2 protein chains.
Amino acid sequence: MAIVDEMVCFALYSASRATTRAYTELLAPWKLTYTQYLVLVILWTEGTKPVRELGEMLQLDSGTLSPLLRRMEDKEFIVRERDGQDSRIVNVSLTSSGNALRQDLAHIPAQIACGTGLPDLKAAQALIDSLHRVTESMQKISSPGT
Amino acid sequence: MAIVDEMVCFALYSASRATTRAYTELLAPWKLTYTQYLVLVILWTEGTKPVRELGEMLQLDSGTLSPLLRRMEDKEFIVRERDGQDSRIVNVSLTSSGNALRQDLAHIPAQIACGTGLPDLKAAQALIDSLHRVTESMQKISSPGT
DNA sequence: TCAATTTACGTTGCGCACAATCGAATTGTG
DNA sequence: CACAATTCGATTGTGCGCAACGTAAATTGA
(Lines give C-alpha, C1' and ligand atoms only; values in the text may rest on other atoms or scores of the structure.)
Protein backbone atom coordinates (compact mmCIF):
# COMPACT_ATOMS: atom_id res chain seq x y z
CA MET A 1 0.00 0.00 0.00
CA ALA A 2 1.73 3.16 -1.20
CA ILE A 3 1.46 6.46 0.63
CA VAL A 4 -0.74 7.96 -2.08
CA ASP A 5 -3.29 5.20 -1.55
CA GLU A 6 -4.07 6.63 1.89
CA MET A 7 -5.15 9.96 0.42
CA VAL A 8 -8.76 10.79 -0.38
CA CYS A 9 -7.64 12.93 -3.30
CA PHE A 10 -5.73 10.08 -4.91
CA ALA A 11 -8.63 7.68 -4.43
CA LEU A 12 -10.85 10.17 -6.25
CA TYR A 13 -8.28 10.77 -8.96
CA SER A 14 -7.75 7.04 -9.55
CA ALA A 15 -11.41 6.13 -9.55
CA SER A 16 -12.23 8.97 -11.91
CA ARG A 17 -9.49 8.02 -14.36
CA ALA A 18 -10.41 4.33 -14.23
CA THR A 19 -14.02 5.22 -14.99
CA THR A 20 -13.05 7.51 -17.85
CA ARG A 21 -10.91 4.74 -19.32
CA ALA A 22 -13.86 2.35 -19.16
CA TYR A 23 -16.05 4.86 -21.02
CA THR A 24 -13.29 5.51 -23.54
CA GLU A 25 -13.26 1.84 -24.48
CA LEU A 26 -17.02 1.59 -24.73
CA LEU A 27 -17.16 4.77 -26.83
CA ALA A 28 -14.19 3.94 -29.06
CA PRO A 29 -16.29 2.51 -31.94
CA TRP A 30 -17.91 5.94 -32.33
CA LYS A 31 -14.68 7.87 -31.69
CA LEU A 32 -16.42 9.75 -28.89
CA THR A 33 -14.71 10.91 -25.73
CA TYR A 34 -16.17 10.72 -22.26
CA THR A 35 -16.83 14.46 -22.10
CA GLN A 36 -18.48 14.40 -25.51
CA TYR A 37 -20.70 11.59 -24.22
CA LEU A 38 -21.76 13.78 -21.29
CA VAL A 39 -22.79 16.49 -23.75
CA LEU A 40 -24.86 13.94 -25.66
CA VAL A 41 -26.56 12.75 -22.46
CA ILE A 42 -27.67 16.31 -21.73
CA LEU A 43 -28.89 16.97 -25.26
CA TRP A 44 -30.79 13.67 -25.44
CA THR A 45 -32.59 14.55 -22.23
CA GLU A 46 -33.11 18.25 -22.58
CA GLY A 47 -32.95 19.02 -26.28
CA THR A 48 -31.33 22.16 -27.64
CA LYS A 49 -29.17 23.97 -25.11
CA PRO A 50 -27.04 27.10 -25.24
CA VAL A 51 -23.30 26.60 -24.70
CA ARG A 52 -23.50 28.52 -21.45
CA GLU A 53 -25.99 26.08 -19.92
CA LEU A 54 -23.95 23.07 -21.01
CA GLY A 55 -21.02 24.72 -19.29
CA GLU A 56 -22.97 25.25 -16.08
CA MET A 57 -24.18 21.67 -15.99
CA LEU A 58 -20.77 20.16 -16.68
CA GLN A 59 -18.79 22.85 -14.88
CA LEU A 60 -16.74 23.50 -18.01
CA ASP A 61 -15.84 26.84 -19.55
CA SER A 62 -15.78 27.86 -23.19
CA GLY A 63 -12.06 27.13 -23.36
CA THR A 64 -12.96 23.45 -23.05
CA LEU A 65 -16.38 23.45 -24.67
CA SER A 66 -15.70 25.47 -27.82
CA PRO A 67 -13.17 23.10 -29.37
CA LEU A 68 -15.03 20.05 -28.04
CA LEU A 69 -18.29 21.15 -29.66
CA ARG A 70 -16.44 21.98 -32.87
CA ARG A 71 -15.18 18.40 -33.01
CA MET A 72 -18.67 17.07 -32.36
CA GLU A 73 -19.97 19.32 -35.12
CA ASP A 74 -17.23 18.08 -37.48
CA LYS A 75 -18.49 14.55 -36.82
CA GLU A 76 -22.01 15.82 -37.55
CA PHE A 77 -23.51 14.74 -34.24
CA ILE A 78 -24.53 18.30 -33.34
CA VAL A 79 -25.05 21.70 -34.97
CA ARG A 80 -24.29 25.12 -33.49
CA GLU A 81 -26.44 28.11 -34.38
CA ARG A 82 -26.39 31.71 -33.18
CA ASP A 83 -29.55 32.61 -31.30
CA GLY A 84 -31.97 34.83 -33.24
CA GLN A 85 -32.93 36.92 -30.22
CA ASP A 86 -29.52 37.29 -28.60
CA SER A 87 -26.73 36.68 -31.05
CA ARG A 88 -24.10 36.30 -28.31
CA ILE A 89 -25.68 32.93 -27.56
CA VAL A 90 -24.84 29.77 -29.49
CA ASN A 91 -27.49 27.06 -29.33
CA VAL A 92 -26.39 23.45 -29.59
CA SER A 93 -28.75 20.90 -31.14
CA LEU A 94 -28.58 17.24 -32.04
CA THR A 95 -28.51 16.20 -35.67
CA SER A 96 -30.34 13.05 -36.72
CA SER A 97 -27.05 11.14 -36.36
CA GLY A 98 -26.67 12.56 -32.86
CA ASN A 99 -30.17 11.47 -31.99
CA ALA A 100 -29.55 8.02 -33.41
CA LEU A 101 -26.64 7.57 -31.02
CA ARG A 102 -29.11 7.46 -28.18
CA GLN A 103 -30.14 3.96 -29.22
CA ASP A 104 -26.66 2.92 -30.31
CA LEU A 105 -25.20 3.82 -26.91
CA ALA A 106 -28.13 2.62 -24.81
CA HIS A 107 -26.10 -0.35 -23.56
CA ILE A 108 -23.44 1.83 -21.91
CA PRO A 109 -25.11 2.87 -18.63
CA ALA A 110 -25.68 -0.76 -17.64
CA GLN A 111 -22.11 -1.70 -18.56
CA ILE A 112 -20.74 1.09 -16.39
CA ALA A 113 -23.13 0.43 -13.52
CA CYS A 114 -21.96 -3.16 -13.56
CA GLY A 115 -18.35 -2.00 -13.84
CA THR A 116 -18.51 0.06 -10.68
CA GLY A 117 -18.84 -3.16 -8.72
CA LEU A 118 -21.35 -1.47 -6.42
CA PRO A 119 -23.80 -4.03 -5.02
CA ASP A 120 -27.07 -2.16 -5.62
CA LEU A 121 -28.68 1.16 -6.48
CA LYS A 122 -28.74 2.08 -2.81
CA ALA A 123 -24.97 1.78 -2.55
CA ALA A 124 -24.54 3.74 -5.77
CA GLN A 125 -26.78 6.53 -4.53
CA ALA A 126 -24.91 6.64 -1.20
CA LEU A 127 -21.62 7.06 -3.07
CA ILE A 128 -23.08 9.73 -5.32
CA ASP A 129 -24.39 11.65 -2.29
CA SER A 130 -21.06 11.39 -0.54
CA LEU A 131 -19.22 12.62 -3.64
CA HIS A 132 -21.64 15.51 -4.11
CA ARG A 133 -20.90 16.66 -0.56
CA VAL A 134 -17.16 16.47 -1.22
CA THR A 135 -17.54 18.40 -4.48
CA GLU A 136 -19.64 21.10 -2.87
CA SER A 137 -17.30 21.43 0.05
CA MET A 138 -14.21 21.55 -2.17
CA GLN A 139 -15.76 24.20 -4.39
CA LYS A 140 -16.23 26.36 -1.30
CA ILE A 141 -12.56 26.36 -0.36
CA SER A 142 -11.28 27.10 -3.88
CA SER A 143 -11.90 30.68 -5.01
CA PRO A 144 -14.27 31.36 -2.09
CA GLY A 145 -14.78 34.81 -3.54
CA THR A 146 -16.67 33.62 -6.64
CA MET B 1 -30.84 18.47 -10.62
CA ALA B 2 -29.45 17.80 -14.07
CA ILE B 3 -29.38 14.33 -15.60
CA VAL B 4 -25.62 14.08 -15.28
CA ASP B 5 -25.89 14.57 -11.53
CA GLU B 6 -27.57 11.20 -11.25
CA MET B 7 -24.56 9.41 -12.72
CA VAL B 8 -21.83 7.86 -10.56
CA CYS B 9 -19.26 8.67 -13.22
CA PHE B 10 -20.13 12.36 -13.21
CA ALA B 11 -20.06 12.52 -9.41
CA LEU B 12 -16.54 11.05 -9.53
CA TYR B 13 -15.47 13.35 -12.33
CA SER B 14 -16.80 16.45 -10.55
CA ALA B 15 -15.36 15.57 -7.17
CA SER B 16 -11.99 14.77 -8.68
CA ARG B 17 -11.83 18.03 -10.61
CA ALA B 18 -12.99 20.08 -7.62
CA THR B 19 -10.27 18.47 -5.51
CA THR B 20 -7.61 19.08 -8.15
CA ARG B 21 -8.66 22.73 -8.34
CA ALA B 22 -8.30 23.05 -4.57
CA TYR B 23 -4.78 21.60 -4.73
CA THR B 24 -3.93 23.84 -7.67
CA GLU B 25 -4.72 26.91 -5.61
CA LEU B 26 -2.78 25.72 -2.59
CA LEU B 27 0.20 24.80 -4.80
CA ALA B 28 0.12 27.94 -6.94
CA PRO B 29 2.80 29.83 -4.93
CA TRP B 30 5.28 27.09 -5.87
CA LYS B 31 3.98 26.71 -9.43
CA LEU B 32 3.45 23.02 -8.78
CA THR B 33 0.65 20.96 -10.29
CA TYR B 34 -1.39 18.35 -8.46
CA THR B 35 0.34 15.47 -10.22
CA GLN B 36 3.75 16.95 -9.48
CA TYR B 37 2.71 17.15 -5.82
CA LEU B 38 1.87 13.44 -5.85
CA VAL B 39 5.38 12.69 -7.12
CA LEU B 40 6.82 14.76 -4.29
CA VAL B 41 4.71 12.90 -1.71
CA ILE B 42 6.14 9.61 -2.93
CA LEU B 43 9.73 10.84 -2.98
CA TRP B 44 9.46 12.42 0.48
CA THR B 45 8.23 9.13 1.87
CA GLU B 46 10.25 6.63 -0.07
CA GLY B 47 13.34 8.46 -1.27
CA THR B 48 14.87 7.81 -4.69
CA LYS B 49 12.59 5.90 -7.03
CA PRO B 50 12.94 4.73 -10.62
CA VAL B 51 10.47 6.22 -13.10
CA ARG B 52 8.84 2.84 -13.57
CA GLU B 53 7.90 2.56 -9.90
CA LEU B 54 6.52 6.08 -9.83
CA GLY B 55 4.42 5.10 -12.81
CA GLU B 56 3.14 1.98 -11.09
CA MET B 57 2.19 3.86 -7.94
CA LEU B 58 0.43 6.68 -9.76
CA GLN B 59 -0.82 4.55 -12.66
CA LEU B 60 0.84 6.88 -15.15
CA ASP B 61 2.94 5.91 -18.16
CA SER B 62 6.13 7.49 -19.44
CA GLY B 63 4.14 9.59 -21.88
CA THR B 64 2.84 11.53 -18.89
CA LEU B 65 5.76 11.15 -16.51
CA SER B 66 8.68 12.00 -18.78
CA PRO B 67 7.65 15.58 -19.54
CA LEU B 68 6.28 16.07 -16.02
CA LEU B 69 9.59 15.01 -14.46
CA ARG B 70 11.49 17.15 -16.93
CA ARG B 71 9.53 20.19 -15.77
CA MET B 72 10.20 19.28 -12.13
CA GLU B 73 13.88 18.94 -12.97
CA ASP B 74 13.84 22.33 -14.71
CA LYS B 75 12.50 23.80 -11.46
CA GLU B 76 15.32 21.97 -9.64
CA PHE B 77 13.07 20.05 -7.27
CA ILE B 78 14.34 16.69 -8.51
CA VAL B 79 17.22 15.18 -10.47
CA ARG B 80 17.11 12.26 -12.90
CA GLU B 81 20.07 9.90 -13.21
CA ARG B 82 20.59 6.76 -15.25
CA ASP B 83 21.09 3.72 -13.05
CA GLY B 84 24.66 2.43 -12.87
CA GLN B 85 23.68 -1.24 -12.91
CA ASP B 86 20.90 -1.11 -15.50
CA SER B 87 21.16 1.92 -17.70
CA ARG B 88 17.62 1.55 -19.02
CA ILE B 89 16.43 2.74 -15.61
CA VAL B 90 16.21 6.41 -14.67
CA ASN B 91 16.29 7.09 -10.91
CA VAL B 92 14.47 10.13 -9.61
CA SER B 93 15.79 11.86 -6.47
CA LEU B 94 14.89 14.97 -4.52
CA THR B 95 17.22 17.93 -4.55
CA SER B 96 17.65 19.96 -1.38
CA SER B 97 14.98 22.35 -2.69
CA GLY B 98 12.69 19.40 -3.27
CA ASN B 99 13.28 18.19 0.25
CA ALA B 100 12.68 21.65 1.67
CA LEU B 101 9.22 21.66 0.08
CA ARG B 102 8.21 18.98 2.54
CA GLN B 103 8.10 21.56 5.31
CA ASP B 104 6.80 24.35 3.09
CA LEU B 105 3.85 22.23 1.97
CA ALA B 106 3.18 20.56 5.32
CA HIS B 107 0.01 22.60 5.80
CA ILE B 108 -1.68 21.21 2.69
CA PRO B 109 -2.97 17.80 3.88
CA ALA B 110 -4.93 19.41 6.73
CA GLN B 111 -6.34 22.06 4.40
CA ILE B 112 -7.55 19.42 1.99
CA ALA B 113 -8.86 17.11 4.71
CA CYS B 114 -10.87 20.03 6.01
CA GLY B 115 -11.94 20.89 2.46
CA THR B 116 -13.48 17.47 1.84
CA GLY B 117 -16.13 18.31 4.41
CA LEU B 118 -15.98 14.73 5.68
CA PRO B 119 -16.88 14.59 9.38
CA ASP B 120 -14.02 12.40 10.62
CA LEU B 121 -11.24 10.01 9.68
CA LYS B 122 -13.65 7.10 9.79
CA ALA B 123 -15.85 8.68 7.11
CA ALA B 124 -12.78 9.53 5.03
CA GLN B 125 -11.52 5.96 5.23
CA ALA B 126 -14.94 4.61 4.29
CA LEU B 127 -14.96 6.81 1.19
CA ILE B 128 -11.41 5.79 0.30
CA ASP B 129 -12.33 2.10 0.62
CA SER B 130 -15.42 2.56 -1.48
CA LEU B 131 -13.44 4.38 -4.17
CA HIS B 132 -10.71 1.73 -4.17
CA ARG B 133 -13.33 -0.92 -4.85
CA VAL B 134 -14.75 1.11 -7.72
CA THR B 135 -11.26 1.68 -9.17
CA GLU B 136 -10.36 -1.98 -8.95
CA SER B 137 -13.64 -3.04 -10.46
CA MET B 138 -13.39 -0.51 -13.28
CA GLN B 139 -9.86 -1.57 -14.10
CA LYS B 140 -11.12 -5.11 -14.55
CA ILE B 141 -13.64 -4.21 -17.23
CA SER B 142 -11.25 -2.04 -19.25
CA SER B 143 -8.62 -4.01 -21.14
CA PRO B 144 -9.47 -7.24 -19.30
CA GLY B 145 -6.71 -8.93 -21.28
CA THR B 146 -3.87 -7.01 -19.66
C1' DT C 1 27.17 -17.00 -28.77
C1' DC C 2 23.92 -14.23 -30.80
C1' DA C 3 19.37 -13.40 -32.64
C1' DA C 4 14.79 -12.65 -30.79
C1' DT C 5 12.24 -10.87 -27.17
C1' DT C 6 11.42 -7.99 -23.33
C1' DT C 7 12.03 -3.89 -20.53
C1' DA C 8 12.57 1.11 -19.62
C1' DC C 9 12.16 5.47 -21.11
C1' DG C 10 11.44 9.12 -24.46
C1' DT C 11 8.73 11.46 -28.20
C1' DT C 12 4.70 12.64 -30.93
C1' DG C 13 0.03 13.62 -31.50
C1' DC C 14 -4.63 14.37 -29.81
C1' DG C 15 -8.13 15.81 -26.56
C1' DC C 16 -9.45 17.63 -22.51
C1' DA C 17 -9.13 21.24 -18.28
C1' DC C 18 -8.24 25.69 -17.15
C1' DA C 19 -6.35 30.49 -16.87
C1' DA C 20 -6.05 34.61 -19.46
C1' DT C 21 -7.42 37.48 -23.04
C1' DC C 22 -10.22 39.15 -26.83
C1' DG C 23 -14.19 40.78 -29.70
C1' DA C 24 -18.88 41.25 -30.36
C1' DA C 25 -23.43 41.80 -28.56
C1' DT C 26 -26.47 43.19 -24.94
C1' DT C 27 -27.85 45.55 -20.82
C1' DG C 28 -27.80 49.10 -17.41
C1' DT C 29 -27.37 53.95 -16.16
C1' DG C 30 -27.22 58.74 -16.37
C1' DC D 1 -29.41 58.65 -26.60
C1' DA D 2 -24.56 57.78 -25.20
C1' DC D 3 -21.50 55.03 -22.93
C1' DA D 4 -19.83 52.10 -19.31
C1' DA D 5 -20.37 47.57 -17.56
C1' DT D 6 -21.65 42.93 -18.29
C1' DT D 7 -22.40 38.65 -20.82
C1' DC D 8 -21.24 35.11 -24.18
C1' DG D 9 -18.35 32.57 -26.85
C1' DA D 10 -13.84 31.89 -29.18
C1' DT D 11 -8.82 31.77 -29.03
C1' DT D 12 -4.20 31.05 -27.06
C1' DG D 13 -1.02 28.78 -24.18
C1' DT D 14 0.28 25.30 -20.60
C1' DG D 15 0.02 20.87 -18.50
C1' DC D 16 -1.73 16.60 -17.93
C1' DG D 17 -3.57 11.62 -19.64
C1' DC D 18 -3.05 8.34 -22.88
C1' DA D 19 -2.27 5.71 -27.24
C1' DA D 20 1.18 4.72 -30.57
C1' DC D 21 5.68 4.46 -31.87
C1' DG D 22 10.85 4.59 -31.49
C1' DT D 23 15.43 3.57 -29.39
C1' DA D 24 18.66 1.57 -26.50
C1' DA D 25 19.80 -1.73 -23.05
C1' DA D 26 19.15 -6.08 -20.88
C1' DT D 27 17.49 -10.78 -20.88
C1' DT D 28 16.24 -15.10 -22.91
C1' DG D 29 17.04 -19.27 -25.14
C1' DA D 30 18.15 -22.14 -29.00
Side-chain angles (χ1 to χ4, degrees), chain A residues 9-10 13-25 27-28 30-39 49-56 58-75 80-92 139 142-143 146, chain B residues 9-10 13-25 27-28 30-39 49-56 58-75 80-92 139 142-143 146:
Chain A
C9 64
F10 186 70
Y13 170 75
S14 292
S16 179
R17 285 199 294 133
T19 306
T20 301
R21 277 194 292 269
Y23 272 100
T24 300
E25 277 197 27
L27 295 168
W30 294 270
K31 293 194 195 286
L32 284 167
T33 67
Y34 171 61
T35 314
Q36 289 171 17
Y37 173 75
L38 291 177
V39 169
K49 280 274 166 196
V51 173
R52 186 188 59 76
E53 286 190 40
L54 290 175
E56 281 173 8
L58 300 174
Q59 291 290 311
L60 293 170
D61 66 10
S62 66
T64 301
L65 280 176
S66 288
L68 182 149
L69 294 172
R70 183 183 49 69
R71 283 185 286 270
M72 292 181 77
E73 195 167 25
D74 290 346
K75 283 181 277 204
R80 287 186 292 178
E81 290 161 323
R82 289 274 166 193
D83 190 285
Q85 304 302 100
D86 183 341
S87 62
R88 289 172 303 182
I89 295 173
V90 168
N91 290 308
V92 181
Q139 282 171 347
S142 55
S143 321
T146 56
Chain B
C9 64
F10 185 70
Y13 170 75
S14 291
S16 179
R17 286 199 295 134
T19 305
T20 301
R21 278 194 293 268
Y23 272 100
T24 299
E25 277 199 27
L27 295 168
W30 295 269
K31 293 194 195 285
L32 284 166
T33 66
Y34 171 62
T35 314
Q36 290 171 18
Y37 173 77
L38 291 176
V39 169
K49 281 274 163 195
V51 172
R52 186 186 60 74
E53 288 189 39
L54 290 176
E56 281 173 6
L58 299 175
Q59 292 290 310
L60 293 170
D61 66 10
S62 68
T64 301
L65 280 176
S66 288
L68 182 148
L69 294 172
R70 183 182 50 67
R71 283 185 286 269
M72 292 180 77
E73 194 167 27
D74 291 346
K75 285 182 277 206
R80 288 186 292 178
E81 291 162 322
R82 288 276 165 193
D83 190 285
Q85 304 301 100
D86 183 342
S87 61
R88 290 172 302 181
I89 296 174
V90 169
N91 291 308
V92 181
Q139 281 170 349
S142 54
S143 320
T146 54

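Within every chain, numbering begins at 1; the chains are lettered A, B, ... in the order of the sequence lines, protein sequences first and strands thereafter. Small disclaimer: the values here were computed from a predicted structure and weren't measured.
Within residues 30-39 of chain A, the residues approaching DNA chain C are A:Thr33, A:Thr35, A:Gln36, by heavy-atom distance under 4.0 Å.
Rounded to the nearest 0.5 angstrom, B:Leu68 CG and B:Met72 CE are separated by 6.5 Å. Annotation: the span from B:Thr64 atom OG1 to B:Leu58 atom CG amounts to 10.0 Å, rounded to 0.5 Å. The CD atom of A:Gln59 sits 7.0 Å away from the CZ atom of B:Phe10 when rounded to the nearest 0.5 Å. Note that OG1 of B:Thr19 is 7.5 Å distant from OH of B:Tyr34, once rounded to the nearest 0.5 Å. Interatomic distance, A:Glu25 CD to A:Leu27 CG, rounded to the nearest 0.5 Å: 10.5 Å.
A 4.5 Å side-chain heavy-atom check between A:Glu53 and A:Ile89 finds every atom pair outside the cut-off.
The shortest heavy-atom contact between B:Leu65 and B:Val51 is CD1-O, 3.8 Å. Residue B:Ser62 comes nearest to B:Pro67 through the heavy atom pair O-CD, 3.8 Å, listed as atom of the first residue, atom of the second, then distance.
One interatomic measurement links the two molecules: NZ of A:Lys49 to P of D:dC8, which rounds to 14 Å at whole-angstrom precision. Distance A:Leu27 CG to D:dA19 P: 14 Å, rounded to the nearest Å. Per the geometry, CG belonging to A:Asp83 stands 17 Å off P belonging to D:dT7, to the nearest Å. Atom-to-atom, OH of B:Tyr23 to C1' of D:dC16 comes out at 17 Å; the value is rounded to the nearest Å. Here the P atom of nucleotide C:dC14 and the NZ atom of A:Lys75 are 13 Å apart, to the nearest Å. The CD-P distance, from A:Glu81 to D:dA10, rounds to 13 Å in whole Å. The distance between atom CZ of A:Arg17 and atom C1' of D:dC18, rounded to the nearest whole Å, is 10 Å.
For the pair A:Arg71 and C:dC16, the criterion of a side-chain N or O lying under 4.0 Å from OP1 or OP2 is met. A sub-4.0 Å separation between OP1 or OP2 of C:dA17 and a side-chain N or O of B:Arg21 is absent. A:Ser87 has no side-chain polar atom (N or O) that falls below the 4.0 Å cut-off from OP1 or OP2 of C:dA24.
Each end of the helix from C:dT1-D:dA30 to C:dG30-D:dC1 yields a helix axis from five base pairs, and these two axes differ in direction by 10° (to the nearest 10 degrees).
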> How does protein reach along nucleotides 5-13 of chain C, written 5' to 3' as B (base within reach of a heavy atom under 4.0 Å), S (only sugar-phosphate), or - (no contact)?
Replying inline: --BSBBB--
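Put simply, the side chain of B:Lys31 never gets that close to the backbone of B:Lys75: no donor and acceptor are under 3.5 Å apart. Although no hydrogens or angles enter the test, the distance criterion places no donor-acceptor pair under 3.5 Å between the side chain of B:Arg80 and the main chain of B:Asn91.
Taking the nucleotide of DNA chain C with the nearest heavy atom to each of A:Leu60 and A:Gly84, the more 5' of the two is matched to A:Leu60.
Backbone-only contact: A:Gln85 has heavy atoms under 4.0 Å from sugar-phosphate atoms and none from a base.
Aromatic ring orientation, B:Tyr23 versus B:Tyr37: tilted (interplanar angle from 30° to 60°).
Look at B:Glu56 and B:Arg52 and you find a salt bridge, because one of the NZ, NE, NH1 or NH2 atoms lies within 4.0 Å of a carboxylate O, short of that distance.
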